[in-house]
Every structure is written in structure tokens, then in C-alpha cells.
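The figures that follow rest on heavy atoms only: side chains count, while hydrogens, waters and symmetry mates do not. Letters go in sequence order (proteins before strands), and every chain restarts at 1.
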Number of protein chains: 2
Amino acid sequence: MTRDPLTTRRPRPTLPDRVRDALLGDLYSNVYVAGDRLPNEDELAARFEVSRATIREAVRGLVEAGYLVRRHGSGTFVTARPRHRHTLNANLSYTAMIREAGLEPGRKLLRRLVRKATGDEAGALAIAAGEPVLFVERIRTADGRPVVYSTDRIPTALLGDAADGAIGSSLYELLAGVRREVCSALATLRPVIADERLAHLLDVHVGSPLQRIEQVHFDELGRPVMLSSEWHVPDVFELSVNRMSDAPAGNAGA
Amino acid sequence: MTRDPLTTRRPRPTLPDRVRDALLGDLYSNVYVAGDRLPNEDELAARFEVSRATIREAVRGLVEAGYLVRRHGSGTFVTARPRHRHTLNANLSYTAMIREAGLEPGRKLLRRLVRKATGDEAGALAIAAGEPVLFVERIRTADGRPVVYSTDRIPTALLGDAADGAIGSSLYELLAGVRREVCSALATLRPVIADERLAHLLDVHVGSPLQRIEQVHFDELGRPVMLSSEWHVPDVFELSVNRMSDAPAGNAGA
DNA sequence: GAGTGGTCTAGACCACCGT
DNA sequence: CGGTGGTCTAGACCACTCC
């Protein structure tokens, strides 16, 4: 046993974590409500018996999560209910979005082959044109109904032996398996009209609107690892985005 | 004069700001390139003659901006070139996006009136149905060509006397003028087909695809202040989104 | 086990906001 | 002016990673 279990033992949650959870509890139980000013940092430090730096770390997390705002010289204030989770910008997983809509996600593999990269593909993936890429063509379903048709390309050079096998598993898992986990992506959205082929694949009428999303996926270090083209059937699950006027912290302007 | 101008004077840029700028300079002049490990924090602290806390603050900014990643127990690493600016999620201004595309933004006012809020509008704006809202109908142009048709609603209760006058100015400025500056928004995107009226307004063919964006704008405290419906002509300026696997810091899960 | 980033303290002073 | 958050220090110890 250590000297003083009460103060010494600190297995998982850090002090800022515990302070944050306590404040979050106060927010959810309406001890503080939207517009209220929190006690100042010295007072919070005294109340929780931690240093002011620890309080600031805890509050920083709640500010980033959108629960609080700080105003220099004035105080720290409670915001109205925080933003949606499951937005495009804060989420890479359509599976999670489909579940959020109360539907059961599924996947169907149409094709899987290795071919040479086109010029556009090579440019987006930072490889030479003609380099081999794994090409996968799939349909996602929600409660069995088709909702997304997609094609994905991954340079085989990234995959090594992993390119074979693991056919059923997610491409994210495939990349994570070779230490190139997808951490971010840049998506470009454009409305298009369903042609005969897309209408057939997605079980919609020719001429109906589809959301096209062109997307480059990046690993932890920001290197491109996968290029995707997606066609979404609208109104099955929402595509939403949290927007913020930028430069929230450390405005390293470039 | 103060004692020692060289070390005492510190008018605007803070120490972390200066360290950050110095590191950013090293990144842009390729002193460090993608994948490199930075010197450890103690060494940086010694080099810049500041405390380790200051180094951590500087690095935090560069991590949030996407230039660096930290790996506990391993080091701090340089990423490949950071993400786009001018994405939907990091930007509230279409004017800036249009300029980014090298085009000249413009606006045309179609209608401006005060009417009662519908049930949907009232729900989104957290007011009672039937409360008066300022309703504005406009078209945005890029190099004179129509690119966005939009309708906006603002509760007149927020505006006071400011509701009149200032017809030509931006609605953001109108709200900022009554201390309810727009700081964030939640946008939902959906592809639609141009009907006769939209086709006429936006100078496109009936049946062509349009991007519809339904959006609630919030002030600093997260209170809704404006509801917008927009119809975008595709391919004039890009609508793109930076996506991240969430919980980057202070994962205050809800 | 050596080296890295992560947590934490106590205390000082600065910059901004309101009255 | 008093009160608030913002910056900064020096030093200690912890937790993770990799050899």
C-alpha cells in the first residue's frame, strides 16, 4: 500500500479530468445554466483543492467542447446546449451516422481489384501515375436499403501483404493494420443527378438528386492514404456540418 | 525607458507566440520536414530561453493548427502540409470562399419584410410561433453571375431599432451591431433539383442539381440568432469540409 | 532503462473589463 | 479602480514508448 491512498492513488482519471467531469455534472444538473458566469479561477481552484493551472486545463476542455466561453477581464460563461455530435466535420464514420439515425448499417462489396492509378488519382495520393492502387467498389445500406455507392483507392505500396485477405473488413481497419490509420480527411461536396447506372445501383429514379462527395483521407502525419468517391441518397441520414468563425486558439495564420 | 529593453519590453506578441512563429518559420523553410521529430521540450525550452510550459503552449497551437502531432513517450512530429483554409467548417463567410475562387462577390436584395415565424422557424430560433421575424431574400453573385439564392430569418426581438435602416449591410454586421455576433452555425446539406422558380432566380436549367443548405446561426453563447435556407449553384466555388476523427483534446463526452 | 511527452504545484505579474 | 482571465516561471513527478 502507498502512503496515503486518498491523495496518492490516481489510477486513471487525471485531476483536470475529474474537475471537468464535476463541472459537466453541474452543467447537466442545471447548477449553472446558459449565460451564467462561473466562479472565478481562484475560487474554483480553492473549491477543488487544485492549482489554478489545473482548473484552466479543465476549463479549456469544456471551452473546446463548446460548453463554456472565456472572456478576458470579464469571466467564464456557460453556453446554450453544445453542438451536434455526428457531424461530417467531427466524424469519419458513416456507420455511426447511420446508427445515429436509428438504422442498421450494412455493406455490400461489388468489386475489388488492383489497377494502375490515373493521373488525378496519383495527384491526390501523392504517388506517380501508373503506380498500382487497390480499387474497391461498394454499396452501403441502412436497414437493407442502399444509401451510398462508393469507390475507394489505396496505393498498394502502403499495404504490403495486407492487400490480400481481410476482404470483409473495413478499409479503415485495413489501413490501421499497417500503421496508417485514417485520422482526417478533406471532403468536397457537390449535388449531381442520378444517371441510369447510379439509379440502378442505389434504387432511385433516374434524374433524382444525389450528394457526391470526393474525399482524400490522411493518416496521423497528414499523408494521403486513400481517395474516395461517394454518391449519397439524400434524406436517409443527415449530412451536417458545424461551422465556426476560425482562429479559436494559437492563430498560426498561414 | 525600462531597465532592459531587450528582455523587458514585450508589447504585443507573447512568448508562446514568438516561439510558435519561430517554429513555423523553421517549418516553412524546411528546417524540419514532414515526418521529422522535433527536439524535445526541454531542449526547445533551453534554446528559446523560456520555461517548458511556454514551449508546450506554443506547440499546442501548432498541433491544433495541424502542423505537428504529439506522441506521448515518443516525441513531437512534423505533419505534411496542413489542411485547407476556406472550408465550410472553419469559415462562415461565402464572400471569402468566392474571393478564394478568384471571383468578385456581390449581393442583390430581393425582399425584406417582417412577418410571423412559422412553427419550424420558431423551433429552430427558440422563440414562440407567431413571434415576428425579419425575413430577407437575397441572391449572391460571383463575377455578376448568380451563385446562391437565400432566405434568412432573424427574430426582430433581437434587433430593436436596428431592424430598420442598414439595408445594404451584411446581416452578420447587423447582428454584431446589437452585440449578438454570429460565432458558429450548424448546416445541413441536401442535393435538390432546380424547379422553375429556382432555375429562373439562379439562371440555370430546370432539373439541374443544386446544393440546399439549411442553417442555424448561433451567437457567442450558443443561442440561435438566425435561420437560413440557401440554394447553391454547384461548380462555381467549392464546398469542402475538413473531417477529423473526434476527441482531439478534453474529450468531454456527452 | 533511458528518453519522451503529460500532469501538477505555488506563486508572480500582465492585460483587459467593467464601474 | 478592483476583479477577471492570460502569461510565465522553476521544478517535481508520472505515464508511455521503444530499445
Worksheet, complete the sentence: When rounded to whole Å, the CG to P distance for the pair A:Asp17 and D:dC14 reads 18 Å

Fill in: Value in whole Å for how far the C1' atom of D:dC14 lies from CD of B:Glu41
14 Å

Worksheet, complete the sentence: Residue set satisfying ring pair (Phe, Tyr, Trp, His ring centres under 6.0 Å) with A:Phe77, at least two apart, ordered chain then number -> none

Discussion item. Please tell me if B:Arg70 has a side-chain N or O lying less than 4.0 Å from either OP1 or OP2 of C:dG6.
Written reply: yes

Worksheet item: Which of these nucleotides, C:dG6, D:dT17, D:dT7, is closest to any side-chain atom of B:Ser74?
Response: D:dT17

Item to complete: Report yes if the side chains of B:Arg138 and B:Asp152 come closer than 4.5 Å at any heavy-atom pair, otherwise no.
Response: yes

Worksheet item: Which whole-number value in Å describes the distance from B:Leu38 CG to C:dG3 C1'?
Response: 15 Å

Item to complete: Can you tell me the distance, in whole Å, between the CD atom of B:Glu220 and the P atom of D:dG5?
Response: 14 Å

Discussion item. Contact between B:Glu121 and B:Ile127 at the side-chain level, heavy atoms closer than 4.5 Å - yes or no?
Written reply: no

Worksheet item: Rounded to whole angstrom units, what separation is found between the CG atom of B:Leu68 and the P atom of C:dG5?
Response: 11 Å

Fill in: DNA chain C-proximal residues of residues 48-55 of chain B, any heavy atom under 4.0 Å
B:Arg52

Hey, can you pull the donor-acceptor pairs under 3.5 Å for the side chains in residues 176-188 of chain B, sequence neighbours left out?
residue, atom, partner, partner atom, Å
B:Arg180, NE, B:Asp219, OD2, 2.8
B:Arg180, NH2, B:Asp219, OD2, 3.1
B:Ser184, OG, A:Arg83, NE, 3.3

Response to the item:
By nearest-nucleotide position on DNA chain D, the 5'-leaning member of A:Gly73 and A:Arg56 is A:Gly73

Fill in: Distance test, side-chain N/O of B:Thr76 to OP1/OP2 of C:dG5, below 4.0 Å
yes

Fill in: Test ring pair (Phe, Tyr, Trp, His ring centres under 6.0 Å) applied to A:Phe48 - qualifying residues, sequence neighbours left out
none

Worksheet item: To the nearest Å, how far apart are B:Arg60 CZ and D:dG6 P?
Response: 12 Å

Worksheet item: Does D:dG3 have OP1 or OP2 sitting under 4.0 Å from an N or O in the side chain of A:Asn40?
Response: no

Worksheet item: Which residues satisfy the side chain to side chain donor-acceptor pair (under 3.5 Å) test with B:Arg71, sequence neighbours excluded?
Response: A:Glu220

Item to complete: Using salt bridge (Lys or Arg N to Asp or Glu O under 4.0 Å) as the criterion, list what pairs up with A:Glu230, not counting sequence neighbours.
Response: none

Discussion item. By the 4.0 Å heavy-atom rule, please label A:Arg71 as base, sugar-phosphate, or nothing.
Written reply: sugar-phosphate

Worksheet item: Starting at CZ of A:Arg37 and ending at P of C:dC17, how long is that distance when rounded to a whole Å?
Response: 14 Å

Practice prompt. Measure the distance from CZ on B:Phe77 to C1' on D:dC18 and round it to the nearest whole Å.
Written response: 11 Å

